[in-house]
J.: 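Before we start, here is the structure in question, set down as structure tokens.
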2 protein chains.
Amino acid sequence: MRIGELAAQAGLTRDTIRFYEKIGLVTGRRLANGYRDFPPEAVPWLQYVRTAQTLGFSLAEIAQTGEELRNAPDTAEALSALFEEKIKVIDARMAQLATLRAELDARVGTGCPLRAAG
Amino acid sequence: MRIGELAAQAGLTRDTIRFYEKIGLVTGRRLANGYRDFPPEAVPWLQYVRTAQTLGFSLAEIAQTGEELRNAPDTAEALSALFEEKIKVIDARMAQLATLRAELDARVGTGCPLRAAG
DNA sequence: GTAAACAGTGGAGTACTGTCCAAGGTCAAG
DNA sequence: CTTGACCTTGGACAGTACTCCACTGTTTAC
């Protein structure tokens, strides 16, 4: 598919996709006329990128994940290891969120401020 | 306390704290010699800033939270409302993390890639 | 009283993540 | 065969969050 359609389906602008291509976050072939041509899998991939990004991963990290996925040996082991690693990161982040949540929760109703020091 | 001690205790650099002061993220008085003087509460506050930041909040958002905390009427209600609002944001983010986690978890062991489209 | 460690200011520079042109090439419809 | 929608490149600009520097003043330790 061409860049406009990918942009529409992924909810990004064409400029953003060109930027992502420049930093290696997506890759595509070129048509004879020079237009970019992306595979349909680019849509869910870019959606994953969005998600990972809001979870605190930098584009460089996400690009590296994509790279590892492409270069992984075809045994499922490499992929599983990669996923498990990401799951660990997610668990750590969730624990951190839970801590902050508990901290806030404990103060609800007590009027105890978060010491908003000046 | 002076800026160096605050920096050491909060795990930041002096430059970062000066930057934070410039954007209103921390405020302090000045000593007679012009040195900044921060209250001890600045330490936990900056630690909170760090946490909130890793959770995806911009410094501007965090600064506004601090502002709201300072300006809240002294009833506990305003603080509780603010905390509850933050808790909602945290819950939404945790749900998002849980979704991504489940997605990854389902692929561990299956060898099914995340469609790392190029 | 001097050297080291700490503090101040202003401003330049950096990395990341886009966003917006301008000038131009391609293609489908009427 | 022109119009409009789409595509190309290169480069300038923007916002966020620092980071570093030069130059200067202050405090502390010896």
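Since the model is a prediction, treat every value here as computed from it, not as a measurement. Chain identifiers are assigned alphabetically (A, B, ...) following the order of the sequence lines, protein sequences preceding nucleic acid strands; residue numbering begins at 1 within each chain.
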J.: Residues two or more places apart in sequence or in another chain: which of them pass side-chain hydrogen bond (donor to acceptor under 3.5 Å, both in side chains) with B:T51?
T.: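 side-chain hydrogen bond (donor to acceptor under 3.5 Å, both in side chains) check on B:T51 returns nothing, list empty.
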J.: Going by heavy atoms in the side chains, are B:I17 and B:F38 under 4.5 Å from each other?
T.: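 A side-chain contact under 4.5 Å exists here.
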J.: B:R93: what forms a salt bridge (Lys or Arg N to Asp or Glu O under 4.0 Å) with it, not counting sequence neighbours?
T.: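 For B:R93, no residue satisfies salt bridge (Lys or Arg N to Asp or Glu O under 4.0 Å) once neighbours in sequence are set aside.
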J.: Kindly compute the distance separating CZ (A:R14) from CD1 (A:I3), expressed to the nearest 0.5 Å.
T.: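 Interatomic distance, A:R14 CZ to A:I3 CD1, rounded to 0.5 Å: 7.5 Å.
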J.: Not counting sequence neighbours, which residues clear side-chain hydrogen bond (donor to acceptor under 3.5 Å, both in side chains) with B:S58? List them please.
T.: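 Partners of B:S58 by the side-chain hydrogen bond (donor to acceptor under 3.5 Å, both in side chains) criterion, ordered by chain and then number, come out as B:E61.
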J.: What is the per-nucleotide protein-contact pattern of nucleotides 2-16 of chain C, from the 5' end, where B denotes a base atom under 4.0 Å from a protein heavy atom, S denotes such proximity for sugar-phosphate atoms only, and - denotes neither?
T.: ----BSSB-------
J.: At a heavy-atom distance below 4.0 Å, which nucleotide of DNA chain D is the first touched by chain A, and which is the last?
T.: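 The contacted stretch runs from D:dC6 to D:dT9.
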J.: Considering only heavy atoms from C-beta outward, does the side chain of A:T16 approach that of A:Y20 to under 4.5 Å?
T.: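 Answer yes - side chains close enough.
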J.: Could I get the full list of side-chain hydrogen bond (donor to acceptor under 3.5 Å, both in side chains) partners for B:Q47, not counting sequence neighbours?
T.: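 side-chain hydrogen bond (donor to acceptor under 3.5 Å, both in side chains) check on B:Q47 returns nothing, list empty.
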